[in-house]
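These numbers come from a predicted model, not from an experiment. Computed from heavy atoms alone, side chains included, the values below leave out hydrogens, waters and symmetry copies.
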Amino acid sequence: RHSLGTALEVGTALTQRLLAFARRLNLDPEVVDLNALVEGMEDLIALALTEEISLHIHPAKAPVLVRIDAGQMESALLNLCLNAAQAISGKGRIEIRLELAPGDIAQIEVADTGCGMAPEVLAQAMEPFFTARADGTGTGLGLAMVHGFIRQSGGDVEITSAPGQGTVVRLILPLATAEKALLPTG
């Protein structure tokens with residue numbers, strides 16, 4: 001039988017490993033057009049939603065080229081859409097908007113018509129192991145991992161939400177400029 005001390009050590013070690021995983025993914029970045037990546041995921045995201053939730057994708061007018069790990073980006077977007085779907089009870093909509101912002105910035109917004117978050121929940125939303133799911137099904141790692149991945153990719157995550165107003169998660173990434181796009185990845 002393990003002592004409480006041993007159990008605590010094992011728990012602490014596991015927590016540290018999960019946090020390290022959330023912060024330092026082994027990324028394989030390549031130049032990707034986010035318009036094409038998101039549109040290519042439409043069927044997959046739609047499969048994960050109930051029939052009462054409609055999905056609307058608004059691509060940018062021009063290609064949105066970023067240097068990113070495409071697989072991790074797909075996982076992050078799927079994660080955000082699943083979170084959005086769980087915030088919607090009954091009928092609702094999820095919108096994914098892509099745009100080129102001033103200063104060579106790419107923005108992807110995942111907006112939902114869900115229940116929104118109270119300020120105290122919003123303040124902790126990206127903390128590892130924090131979950132607002134009352135049914136106990138959440139690990140609290142989803143948003144923390146999305147945040148870690150986007151930060152590691154040179155970007156940032158912003159969340160806007162209020163009770164009854166839905167939620168907008170904005171992923172901000174630097175564009176892969178022409179010079180950077182031609183450099184070999186080392």
Side-chain angles (χ1 to χ4, degrees), residues 18 21-22 25-100 106-117 121-122 125-126 128-153 155-173:
L18 284 166
F21 175 65
L25 298 162
N26 189 15
L27 302 180
D28 184 16
E30 57 184 322
V31 176
V32 172
D33 176 12
L34 289 177
N35 279 339
L37 182 138
V38 172
E39 288 176 324
M41 290 186 65
E42 187 169 7
D43 291 351
L44 177 65
I45 295 168
L47 276 174
L49 304 178
T50 67
E51 289 179 13
E52 291 187 284
I53 300 173
S54 60
L55 175 67
H56 303 272
I57 294 176
H58 307 280
K61 290 175 175 60
V64 182
L65 300 176
V66 296
R67 183 177 292 282
I68 202 144
D69 184 307
Q72 292 293 341
M73 188 72 215
E74 288 176 348
S75 294
L77 280 171
L78 187 58
N79 200 315
L80 293 177
C81 289
L82 291 174
N83 280 357
Q86 283 172 337
I88 298 170
S89 60
K91 281 193 176 297
R93 65 190 275 140
I94 296 173
E95 295 196 27
I96 303 176
R97 294 186 283 266
L98 294 106
E99 62 181 51
L100 296 164
Q107 283 188 177
I108 304 177
E109 286 185 352
V110 177
D112 66 62
T113 57
C115 58
M117 290 183 258
V121 173
L122 184 57
M126 286 189 276
F129 307 110
F130 175 78
T131 179
R133 287 192 207 149
D135 62 4
T137 60
T139 61
L141 283 172
L143 269 177
M145 290 180 72
V146 169
H147 185 246
F149 159 63
I150 295 294
R151 290 300 296 268
Q152 199 178 331
S153 301
D156 207 355
V157 179
E158 294 174 355
I159 304 176
T160 311
S161 188
Q165 301 293 311
T167 299
V168 178
V169 179
R170 183 177 298 110
L171 308 181
I172 301 160
L173 290 161

Enquirer: Could Glu52 and Lys91 be called an ion pair, given the rule that one side-chain N must be under 4.0 Å from one carboxylate O?
Expert: no

Enquirer: With Val110, which of Leu80, Thr167, Asn79, Ile45 fulfils side-chain contact (heavy atoms from CB on, under 4.5 Å)?
Expert: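 Exactly one candidate clears the test, Leu80.
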
Enquirer: List the steps, then state whether side chain to side chain contact (heavy atoms under 4.5 Å, CB included) holds for Ile159 with Leu143.
Expert: CA-CA 10 Å; Ile159 304 176; Leu143 269 177; 4.0 Å; yes

Enquirer: Taking Met117's backbone N and O only, do any of them form a donor-acceptor pair with Ser161's side chain (distance below 3.5 Å, no angle check)?
Expert: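 Checked: pair present.
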
Enquirer: What's the separation between atom OG in Ser75 and atom CE in Met41, rounded to the nearest 0.5 Å?
Expert: 7.5 Å

Enquirer: Could you grab the distance from atom CD1 of Ile108 to atom CG of Leu34, nearest 0.5 Å is fine?
Expert: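 Spacing of CD1 (Ile108) from CG (Leu34) equals 4.0 Å.
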
Enquirer: About how many Å separate CD1 of Ile88 and CD1 of Ile94, when rounded to the nearest 0.5 Å?
Expert: 4.5 Å

Enquirer: Keeping the roles fixed (side chain from Asp33, backbone from Val64), state whether a donor-acceptor pair exists under 3.5 Å.
Expert: yes

Enquirer: Over all heavy atoms of both residues, which pair between Ala106 and Val66 is shortest? Give the atoms and the distance, please.
Expert: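 Between these two residues, the closest heavy atoms are CB-CG1, 3.7 Å.
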
Enquirer: If you round to the nearest 0.5 Å, how far is CG of Asp156 from NE2 of His147?
Expert: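 So the NE2 of His147 and the CG of Asp156 are separated by 5.5 Å.
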
Enquirer: Could Arg93 and Glu95 be called an ion pair, given the rule that one side-chain N must be under 4.0 Å from one carboxylate O?
Expert: yes

Enquirer: Hey, could you give me the CD/OG1 distance between Gln165 and Thr160, rounded to the nearest 0.5 Å?
Expert: 11.5 Å

Enquirer: Of all heavy-atom pairs between Leu82 and Ala48, which one has the smallest distance, and what is that distance?
Expert: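 Of all heavy-atom pairs spanning Leu82 and Ala48, the closest is CD2-CB, 3.6 Å.
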
Enquirer: Please name the pair of heavy atoms, one in Ile172 and one in Gln107, separated by the smallest distance, quoted to 0.1 Å.
Expert: CG1-CG, 4.2 Å

Enquirer: May I have the step-by-step check of side chain to side chain contact (heavy atoms under 4.5 Å, CB included) for Val169 and Asp112, ending in yes or no?
Expert: CA-CA 9 Å; Val169 179; Asp112 66 62; over 6 Å; no

Enquirer: Which value, rounded to the nearest 0.5 Å, describes the distance between Leu173 atom CG and Ile68 atom CD1?
Expert: 4.5 Å

Enquirer: Between Ala111 and Val168, which heavy-atom pair has the shortest distance, and what is it?
Expert: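 Scanning both residues completely, I find the closest heavy atoms to be CB-CG2, 3.8 Å.
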
Enquirer: So, the side chain of Asn35 versus the backbone of Ala60: is there a donor-acceptor pair under 3.5 Å, distance only?
Expert: yes

Enquirer: For Asp28 versus Asp69, what's the shortest heavy-atom pair and its separation?
Expert: N-OD2, 2.8 Å

Enquirer: Could you walk me through whether Leu44 and Glu74 satisfy the side chain to side chain contact (heavy atoms under 4.5 Å, CB included) test, starting with their C-alpha distance in whole Å, then the side-chain angles of each, then the deciding distance to 0.1 Å, before giving a yes or no?
Expert: CA-CA 10 Å; Leu44 177 65; Glu74 288 176 348; over 6 Å; no

Enquirer: Compare every heavy atom of Leu100 with every heavy atom of Ala62, then report the nearest pair and how far apart it is.
Expert: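 Scanning both residues completely, I find the closest heavy atoms to be CB-CD1, 4.0 Å.
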
